[in-house]
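These notes are about the structure you will find just below.
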Amino acid sequence: MEHLSVKNAQQCVLESVAVLDAESVKLEQTLGRVLAKDVYANRDIPPYDVSAMDGYAVRSADIKQVTSTLEITEDIKAGDMPTMTVGAGQCARIMTGAPMPDGADAVIRVEGTQAVSDRTVQINVAVKPGSDIRLRGEGMRNGEVVLTAGTEITPGVIGVLATVKCAQVQVVRHPRVAILSTGNELEDMDEPVDPNKIPNSNSYALMAQVQALGIEPSLLGIARDDPAELAEYLQRGLRFDVLLVSGGTSVGVHDYVRPTIEALGVKMKFWRVAMKPGHPVAFGLLQQNTKGSSKDTFVFGLPGNPVSSMVCFEQFVAPALRIMMGNSRLYRRTIAARLTHDVKHQPGRTEFIRVTLAKREGGYEATSTGAQGSGMLLSMARADGLMVVPSESTGLAAGEQVTVQLLDGTVFQDDVGFRE
Ligand code: AMP
Ligand code: MG
């Protein structure tokens, strides 16, 4: 199999996965999920013409000349229904959100009036018919589609769902994701520190990358580099929608992941990508036949090197999970930045360099986090983003404009970013 470009590998992954089925979830638990069905308004909002202000409901024809004095018929609070019709020379005191009384066709804000007595008010401004009235149904109309399938649920969307009394929401199911680390050298969290071993960081970094997408993954632990043990762990992992296997995907004699997983029926789509870090990344799928319907398990073989595994997750796994969750925006946001130093690059592989970003007058500046070895996890911990060096590049010079893929959290910035 040839080395795919990042773009072609991404395409291969994205063509293989599909949006998952729907499930019903309590409104309170739906933030960040994606609507699986259109949502309709179940009434007019507002249900009748209401006042948009605290003030007086008047007949605009009565106050053509400034000033005029009107008799107050009643007080209408939000939640009250008017009991009197506003006749010539009359008005009603009305609060924001209260229904307009018959006869009135405009609202005068309190600021444009002066109380004369408890039953009389002086109006100091003229008004056009319809002023400061929210019309029945102007927010939403009974029966209309207010949210379409595929909408990502934000706080604003939750407000709309609450408005239409959608206590249970049909959302796209979340993929069930398993994470398996492999390697004889690995020492897990609950094991005592052995100076000869390598702490398992990948399971936890990958866990957090999955969590950052809103999914709670299952950690399957560490499988030793032994085909039988590996097969046992992989079999457990293949019961999930997505299995992330870290390590053992290279061509070393003890890299058993690929042959073992193929022996379990997984069809590999690729296992090499022209990228740095992350070269030995593999992707395959297992067709599952459950009760007549077929469903796939997607397997990502991620490189063992901690930075490589995280970079590959961002390029291939995150967009795949986003498709499965019903999102239409699949990729991390990119920004343009100016490079503060030269960067060496040999053509042939797309490189992802960990950078910090600083906001300057004319835009962002990108600076490498330092040594970029694929095992140097601190370079990832310090990074605001991944700077992309195109495959064909022969190197970049200080001052050049580059593209940086923002990592989680960087949608927030240091300063407020606008002038009032
Ligand atoms: P491999 O891909 O299995 O050849 O591993 C490449 C490098 O990544 C080796 O130095 C491993 O020790 C390291 N590595 C593999 N798995 C993990 C892990 N779960 N956590 C931290 N480092 C790992
Ligand atoms: Mg290994």
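One-based numbering, in listed order, for ligands and for the atoms of each.
- Side chain of D38 to backbone of A149: a donor-acceptor contact under 3.5 angstrom is found.
- Here the side chain of D132 pairs no donor or acceptor atom with the backbone of A52 at under 3.5 angstrom.
- Ionic pairing of R322 and E152 is present here: one or more N-O contacts between side-chain nitrogen and carboxylate oxygen are shorter than 4.0 angstrom.
- Contact check on E232 versus R236 returns no salt bridge, with no Lys/Arg side-chain nitrogen under 4.0 Å from an Asp/Glu carboxylate oxygen.
- T182 places a side-chain N or O within 3.5 Å of a backbone atom of G247 that can act as its donor or acceptor partner.
- Closer than 4.0 angstrom to ligand 1 by heavy atom are S181, T182, E185, L186, I198, P199, N200, S201, N202, S246, G247, G248, S250, G304, N305, P306, sorted by chain and number.
- Qualifying ring pair (Phe, Tyr, Trp, His ring centres under 6.0 Å) partners for H174, counting only residues two or more places apart in sequence or in other chains: none.
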